[in-house]
Protein chains: 2
Amino acid sequence: MDSPATRDPDLTRARILDAALALFVEHGVTGVSLREIAETSGVTKSLIHHHFGSKEALWTAVKAHAFSRYAEEQMAELEARQVPDTSLLQTSVLRYFRFLQQRPEVVRLLAWIHLEADEGCSEMDAELVRLGAERIRQAQQAGLLRDDVNPTHVVTLFVHACSQWFTAKAHHSGWPGIGDDQAYLDDFLRIFMAGLAPPEER
Amino acid sequence: MDSPATRDPDLTRARILDAALALFVEHGVTGVSLREIAETSGVTKSLIHHHFGSKEALWTAVKAHAFSRYAEEQMAELEARQVPDTSLLQTSVLRYFRFLQQRPEVVRLLAWIHLEADEGCSEMDAELVRLGAERIRQAQQAGLLRDDVNPTHVVTLFVHACSQWFTAKAHHSGWPGIGDDQAYLDDFLRIFMAGLAPPEER
DNA sequence: CGCTTGACTGGCCGACCGGTCAATACGTTG
DNA sequence: CAACGTATTGACCGGTCGGCCAGTCAAGCG
């Protein structure tokens, strides 16, 4: 609301990015006008053009900014645990689920990006997926997980099961017999972990 | 392209609905103008207002129309098989996957609906989910599936795993090590079916 | 036939869109 | 202090938006 006492282009950029992220993620790029973003962030519409050039460029900047923060947090999460053990996968799923639970804007951002079919964004988390798949592969070689499935598909599946739960939450919350976040997570983990156990344990 | 020789309001409505579905699903409601829909369907913009009242009402009609067709096809699919057996779940997953594979507009329609958080739409497939969950429950009671998981969550999980694969396809097709539709489906089914097997078989 | 109903048209409206531009205010630097 | 670069402003542009309205036209019916 209150504008900064002195000129601060970095803060201005940040305020615009924050407001744009919130609005874009809520209503989609075409559903938001630069005037709304200007009003929300407390700056002039012209100033947005000055700092970002165009609406399209602003959207690109918003995606890059939010995605890089997302990638940083997830990368830190992955690198915190170096040695694969039996509980690593379960813990990773749990943490990713909790992460999405606390950051609904990330869930919606990803959903918009998917609908855009923005192929450039796939490069942004490719490294993340590569790292996750590598952990799965290590666990497979250690005999902790079945080795007849593609590690990348395992990562993909668990990302899908978590993100889609929150993306479609308003939709399937009315389904008969559906449980809350924790109950869904528990059932998913039961099925997922049992399905990934090595053959000799089945 | 060519307009009907005589006046045919039903055909006109259908042409508008078809064009609107294609455009809405591709660019989103706010990304499409009534003028584009009018031009694509070969009618006047005023005629759209005459038949549907407003852009919002047209979108509602498009959703209801497409969704009812989707529900019909899926309901027929479910009711075709009455007796639960060991291969029913696997077959259902496979057919649902193939269904989405051949109807990309359904995938995108669902994705838009999810982003809208239109809770009214959840009623449309609640019956579908209820029926699917009932089949799972029957299989559980017959000892064909583990019974310590919520049947509705099983349905939800397999719907998520299938639909999100196609929704995010453009995004994760660039991920290192990812396979094609069939390879992903195979791996998912391996994990899913093994994870749902009753305890004594593990 | 004349009359009613509703499908259908073209034109128009005010609001709003993204983008541009000249002018201004401020901070930094020489 | 003067000069310069840039953050910032508000007015303005052509174009498009969804919606509205008066009127035309075709079909059904007594």
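Throughout, a chain's letter reflects where its sequence line sits, starting with A, and its residues are numbered from 1.
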List, with names and distances, any nitrogen or oxygen atoms from the protein found under 3.5 Å away from nitrogen or oxygen atoms belonging to nucleotides 13-15 of chain C.
none

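Computed from coordinates, the A/Arg15 CZ to D/dA7 P distance equals 16 Å when rounded to whole Å. Counting to the nearest Å, the C1' atom of C/dC16 and the CD atom of A/Glu39 are 13 Å from each other. The CZ-C1' distance, from B/Arg13 to C/dC8, rounds to 15 Å in whole Å. Remark: P of C/dC12 and NZ of B/Lys45 are 13 Å apart, rounded to the nearest angstrom. Atom pair B/Ile37:CD1 and D/dT16:P shows a separation of 17 Å (rounding to whole Å applied). Taking atom CG of residue A/Leu47 and atom C1' of nucleotide C/dA23, one finds them 15 Å apart after rounding to whole Å. What separates CD1 of B/Ile16 from C1' of C/dT9 is a distance of 13 Å, to the nearest Å. For A/Asp8 and D/dT8, the CG to C1' distance is 13 Å, given to the nearest whole Å.
A salt bridge (Lys or Arg N to Asp or Glu O under 4.0 Å) check over residues 149-168 of chain A, counting only residues at least two apart or in different chains, returns nothing. Every pair tested for salt bridge (Lys or Arg N to Asp or Glu O under 4.0 Å) that includes a residue from residues 23-44 of chain B fails, sequence neighbours excluded, so the list is empty. For residues 155-179 of chain B, the salt bridge (Lys or Arg N to Asp or Glu O under 4.0 Å) pairs, not counting sequence neighbours, are B/Lys169-B/Asp181. Residue pairs satisfying the salt bridge (Lys or Arg N to Asp or Glu O under 4.0 Å) criterion with at least one member in residues 52-71 of chain A, sequence neighbours excluded, are listed as follows: A/Lys63-A/Glu116, A/Lys63-A/Asp118.
In terms of the salt bridge (Lys or Arg N to Asp or Glu O under 4.0 Å) criterion, B/Asp125 has no residue partners (sequence neighbours excluded). For A/Arg108, there are no salt bridge (Lys or Arg N to Asp or Glu O under 4.0 Å) partners two or more places apart in sequence or in a different chain. For B/Trp175, the ring-ring contact (aromatic ring centres under 6.0 Å, His included) partners at least two apart in sequence or on another chain are B/His171, B/His172. Residues satisfying the ring-ring contact (aromatic ring centres under 6.0 Å, His included) criterion with A/Phe166, sequence neighbours excluded, are A/Phe97. Partners of B/Gln90 by side-chain contact (heavy atoms from CB on, under 4.5 Å), not counting sequence neighbours, listed by chain and number: B/Leu189, B/Met193.
By the 4.0 Å N-to-carboxylate-O rule, B/Asp10 lies too far from B/Arg13 to be salt-bridged with it.
The side chain of A/Arg7 sits closest to C/dC26 out of C/dC8, C/dG19, C/dC26. Distance from the side chain of A/Thr44 is smallest for D/dG10 among the nucleotides D/dG10, D/dA7, D/dG19.
Look at A/Thr12 and you won't find any side-chain N or O under 4.0 angstrom from OP1 or OP2 of D/dA7. At D/dT9, none of the side-chain N or O atoms of A/Ser46 fall inside 4.0 Å of OP1 or OP2 (strictly under the cut-off).
Counting only distance, with no hydrogens or angles, the side chain of B/Arg98 and the backbone of B/Val93 share no donor-acceptor pair below 3.5 Å. Panel note: side chain B/His153, backbone A/Gly179; a donor-acceptor pair is recorded below 3.5 Å.
Remark: A/His49, A/Ser54, A/Lys55 in residues 49-60 of chain A come within less than 4.0 Å of DNA chain C through at least one heavy atom. Scanning residues 18-32 of chain A for heavy-atom distances under 4.0 Å to DNA chain D yields an empty list.
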